[in-house]
Amino acid sequence: MSRADEIFVAMCRDILDNGVSTEGEKVRPKWEDGTSAYTIKKFGVVNRYDLTKEFPALTLRRTAIKSCTNEMLWIWQKKSNNIHDLKSSIWDEWADENGSIGKAYGYQMGVKHRYKEGMMDQVDRVIYDLKNNPFSRRIMTNLYVHQDLYEMNLYPCAYSMTFNVTTRPGSEKLVLNAILNQRSQDILTANNWNVCQYAVLMHMLAQVCGMEAGELVHVIADAHIYDRHIPLVEELISREQHPAPTFWINPEIKDFYEFTEDDIRLDNYVTGPQIKNIPVAV
């Protein structure tokens, strides 16, 4: 069975059984009817996914792999902060009349700085170091730029990636590992979406740098389930689990900027039914 399912079920069960409720506290998120959106939360959740063994897509329900990849490429490849460059509508709530979400996400990725006698942005610096200095302990990105927070329509949730390269006995290729740091996460709507998109990113970067994808470590400071999501989560984690799907990535792509969402797919992906009309707090 899928290891991603096992991790997700254990995490949800721990939050529901041992988490702390925010009910009665002053909270920012509201439901569409104006009611305060309370949560049950756990602090400091850490999940580990070995990408050499399986791709971590849930089988309890389907994760839209092309859509989540499109959003990841919107940030990491297009370095855009405008929803008109994005194929989904997930950012519409935070966009202004021009489609901008402010100086957030892709904007920060595209800011250039001086490095190695030239000017690079964060993505190009990561790729440069992975190719030229793979054992550096300084290969990372950061979107949480305090002086720009007031110009962001939403503070970054998944805000940092730290890359670390290792060797593996019997393999000629170096192994690319990474830590995804997240300050806050709505577990039902976003958990596997984020896990899958950053797993895809690792596979893409590994391929263009002549490596193989290794371990993705996901650190969530505030892992929460909203009050109106509890019955949905209880039903979801009780479902039948299936074997993990097979991940395919177009082997012809050698330049990160040539990837599209059509260059990846999940084969043999058997899942439970989708959950429809999930209420979203904003």
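With rounding to the nearest 0.5 Å, the separation of CG in Asp263 from CD1 in Ile253 is 4.5 Å.
Taking the six-membered ring where the residue is Trp, Tyr115 and His113 present tilted rings, their angle falling between 30° and 60°.
Put simply, the side chain of Leu130 reaches to within 4.5 Å of the side chain of Ile139, judged on heavy atoms. A 4.5 Å side-chain heavy-atom check between Thr246 and Phe55 finds every atom pair outside the cut-off. For the pair Met204/Leu73, a side-chain contact is recorded, criterion being any heavy-atom separation below 4.5 Å from C-beta on.
With hydrogens and angles disregarded, no donor-acceptor distance shorter than 3.5 Å links the side chain of Asn153 to the backbone of Ala95. Put simply, the side chain of His203 never gets that close to the backbone of Ala213: no donor and acceptor are under 3.5 Å apart. In this structure, Asp85 contributes its side chain and Lys78 its backbone to no donor-acceptor pair below 3.5 Å.
Closest non-hydrogen pair, Met140 versus Ser160, comes out as CE-OG, 3.9 Å. Closest heavy-atom contact between Val175 and Gly214: CG1-CA, 3.4 Å. Across all non-hydrogen atoms, the minimal contact from Ala37 to Val27 is O-CG2, 3.8 Å.
We find that Lys103 and Glu151 are joined by a salt bridge, their nearest charged nitrogen and carboxylate oxygen being less than 4.0 Å apart.
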